Structures are given as C-alpha cells and as structure tokens.
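What you see below is based on every heavy atom in this structure, not just the backbone, and it leaves out hydrogens, waters and symmetry mates. Here is how names work: the chains are called A, B, and so on, in the same order as the sequence lines, proteins then strands, and each is numbered from 1. Remember, predicted model here, so these are calculated numbers, not experimental data.
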2 protein chains.
Amino acid sequence: MARERKFSLNEVFQHTKQLLLEHGYEGFTFGLLAERLGVSRTAIYKHFENKEEVITAYMVDEMEQVFAKFVHIHDYPTFDEQFRFLLNLILYHDDLHRMIAIGRRIPDTTPAVRANKERLEQFHERMYEELNQLVERGKQEGRIKPHLPNRIVLAYIFQSVVVPHFPGISLDQWAESIKEIIMYGVMTGN
Amino acid sequence: MARERKFSLNEVFQHTKQLLLEHGYEGFTFGLLAERLGVSRTAIYKHFENKEEVITAYMVDEMEQVFAKFVHIHDYPTFDEQFRFLLNLILYHDDLHRMIAIGRRIPDTTPAVRANKERLEQFHERMYEELNQLVERGKQEGRIKPHLPNRIVLAYIFQSVVVPHFPGISLDQWAESIKEIIMYGVMTGN
DNA sequence: GCCGAAAGTGACACTTCTGTCACTTTCGAC
DNA sequence: GTCGAAAGTGACAGAAGTGTCACTTTCGGC
C-alpha cells in the first residue's frame, strides 16, 4: 500500500456525529473536523470531496449499524416481545431521528452523495416496511388500536426518542416510563 | 419622528422564523433576511446589532403570543378540559419546540441578547410551573398515572408536536390520533 | 537503494458573511 | 423652507470556509 493513515474512517464518523450534534448541518466545517482529527484540513479532501459526502457516508454507516441490530426483531416470536424490542432499540439510538432530519436537507453535490442518499432512502423504506408489518400484526392480534393510522403510530414511536432525560431520573426509569406512555398513555385506565 | 420604515418588526419576525426553519441557526444570515425583506443588509443593523439579537427577539415575540393564549387554560373548570386545551395549543404551535432547541445554542453576544434569553427563560419557567401544577392536579384527581415522573409526562407531551403529518391524513384526524395516543397509548385496553 | 502509490501539508485564490462608515433620503416640527 | 432625527444605501475591510495545487513524507515491492 503506502503511508499509514493518521485517522480511520471510524474516527471520521465519530467526530462527524459529534460535530453535527453540536453545530448542526450548516455549522459543520472541514476546518472543525480536521481540528478534531488532528490533521490538516486538506488531508480530508484525499478521502471525501466535500462535507456532504462526509456526512452522508457517516449516516449510511450509522444506519447500517442500526439495521444490523434491527433484524434481530425476528428472533422474538410474539408481537409483544417484538414491540418491546423495537422500543428498546429506538430508545437506545436516541440520536437517529435528529440525523434523519438533518439528512433531508443535504443537497446532491456529487455522485457519491447522491448514491449515499439513495442507500439511506432504501434503508428507510425497508425499515418502514418491516415496522408497518409489525403494527399491522399488532392490529390483527388485537393489541394495537385499529383506528389509529399506521403512519401516525410509527411516526409517534420514532418521535418519542427525543424526549430528553433529566438528572434525578435514571435512564432505566426514563425508558420504562416512555414505553408505558407509548403503550398505554398518561391517563389512568378508568 | 422621521422617515417611514420599509419593513416592520412583524415582517422581520415572520421571515426570521421561515429562514430558521429552512436553514437552521447557523444557516441564518443577514444577507438572506435582507433579501426577503427587500431592503439592504445594512438597514437591518439600524435595528439589531447581530443575528443573535434578531433571533432571540423573534423568539420572545413568539413566546409572548403562545403565553397569551396559554393563560386561557384557566377559563376551563375541569382537569380534562384543561388538558385537552393544552394539547390543542401545543399541537397548533408545532414549530415551538424546534425553536426552543435552536434557542439553547445561541451565544450571549450582546446585552440585548442576554436580556432576551433571560426573558425566554422566565417564560419557560412560568409555563413549566403551570403545567406541573396541571399534571399534579391530574394525579390527585386520579386521572394521570401517579408513578410517571411529572417531568417525563410534560417533556413527552411537548415532544409530541413534532410528529409529522402525512398527506392522506387530515389535520383533524392527526390531532385526534396524537391526543388519543398521549392519553391512552397505542395499545388496546385489555 | 529506489520507485511509485497513497497520505499529508501549506500556500493560494475564491467566495460568503460580518460589521462599520460616510453618505443620501425622507419626514415632521418649527 | 430648512433642520434634525431616523431610515436606508453602497463601499470597504476583515474574518472564515472552500477547493486546488505543487510539494513532502512514508511505506511496501522490486
């Protein structure tokens, strides 16, 4: 090969995620990323043409990881177990939805960006298809209210991950509370 | 007085909101705002020192409007009516939470910015206090599950506004579905 | 040893945003 | 009518981000 790289793809993704959360899409710059990686700004151009390429590549990577975990939903036999597994997965990846929102705004600046965005779109569709089937199954088994539109149920579940956690409330208690609210709401049963 | 202004404060706020939603905090510039207002960029400097001042001023304005509506919660006698009123108010202001998230990142560049941020903080606290009392009352009247932490219930309700609406589902149906999920969850009662 | 490929660098030109300044325009008060 | 205050403008200089280029560094293969 050649000279050893001073930074790995994984490091790029890790800092990209951090910078996106801190500065947002418009505030993300090669200068900032280079600083975090401890290399010169131009070094990054050896591997990516522009920031859209970095960001979409990171997103594909993140999506792949989530999807790799997600397919284990089929290890669970019952609807209730699958539903619980899904909620845990989503609550664990509490940054995913923010990334999806950011991803929607990225313009197609290079063919690589376009390709990454298409892969993201495919992941998204497959995920949605699976989830839709889960909700459908829940309705058929009489576990989910049949009059709620699937899209709203799914969008609602995904949105729930954004509920912030506060000091004084443990992560476990937080996750349990969110799950209970999604499943049974905030009101008492009577 | 003097010469008539080419743009009103309200126009500034309206375009600021629009630009923030389109480009985010970091993508918001005086050049963009001036273009929308149909004036030169420097004209804006006559009224605001920098973009932080414009943005926080807009946020205070928006918050005042929401708060003015919010206090009508006391026009409703029962907990259930108040709760419903609150949900309607929040669902109607579906951009508020995004603005709050953006607001957290604004640095204190001038005294005016600092003052605006403090006013926002005060609104926020008063609002939280009121809402906390509502949840507390709901618990005492046996309407809200007592074991859910108030903070989580409130954060959850606020977060719900972000659930996107889709074509094919009417706004009314969307709002009704969200309300039902918050109150009673997605699962059937048994 | 030396050669080529890959990795990394600083310098440059370009663009965009920022904030200031001297200037002009417009209006009401007198 | 003219004067002053407020509103608006274009020109400028500085800061920050972008992308390119010629160059150097480092490694494995021969």
Asks: Look at A:R105 together with A:E26 and state whether they make a salt bridge at an N to O cut-off of under 4.0 Å.
Replies: yes

Asks: Separation of A:E26 atom CD from C:dC17 atom P, in whole Å?
Replies: 11 Å

Asks: Considering every strand and a 4.0 Å limit on heavy-atom distances, what is the contact class for A:F48: base, sugar-phosphate, or nothing?
Replies: nothing

Asks: Without decimals, in angstroms, what is the distance between A:R3 CZ and C:dG4 P?
Replies: 19 Å

Asks: Does B:K51 make a side-chain N or O approach to OP1 or OP2 of C:dG19 shorter than 4.0 Å?
Replies: no

Asks: Using atom CD1 of A:I44 as one end and atom P of D:dT20 as the other, report the distance to the nearest whole Å.
Replies: 15 Å

Asks: Taking the basic N atoms (NZ, or NE/NH1/NH2) and the acidic carboxylate oxygens, is any pair closer than 4.0 Å for A:E130 and A:R126?
Replies: no

Asks: I want to check a possible cation-pi pair here: B:K145 against A:Y184, using under 6.0 Å from ring centre and within 45° of the ring axis as the test.
Replies: no

Asks: Rounding to an integer number of Å, can you tell me how far B:L33 CG sits from C:dC17 P?
Replies: 13 Å

Asks: Which comes earlier along DNA chain D counting from the 5' end, the contact point of A:K46 or that of A:L32, where each point is its nearest nucleotide?
Replies: A:L32

Asks: Of all the choices, D:dA11, D:dG19, C:dA11, which nucleotide is nearest to the side chain of B:T42 once you look at every atom?
Replies: D:dA11

Asks: Just how far, in rounded Å, is P of D:dT18 from CZ of A:R41?
Replies: 7 Å

Asks: State whether A:Y92 and A:K69 meet the cation-pi test: NZ (Lys) or CZ (Arg) under 6.0 Å from the six-membered ring centroid, and within 45° of the perpendicular axis.
Replies: no

Asks: Examine B:R36 relative to B:F7 and say whether NZ or CZ is less than 6.0 Å from the centre of the six-membered ring and inside a 45° cone about the ring axis.
Replies: no

Asks: C:dC12 P sits how many Å from A:Y45 OH, rounded?
Replies: 18 Å

Asks: Between D:dA6 atom C1' and B:F7 atom CZ, what is the distance in whole Å?
Replies: 12 Å

Asks: A:E52 CD to D:dG17 P: how many Å, rounded?
Replies: 15 Å

Asks: Tell me what A:T29 touches on the nucleic acid: a base, only sugar-phosphate, or nothing, going by heavy atoms under 4.0 Å.
Replies: sugar-phosphate

Asks: So, is A:H47 near the phosphate of C:dG8, with a side-chain N or O under 4.0 Å from OP1 or OP2?
Replies: yes

Asks: Can you identify which nucleotide, out of C:dC27, C:dC21, C:dG8, has its nearest atom closest to the B:E4 side chain?
Replies: C:dC27

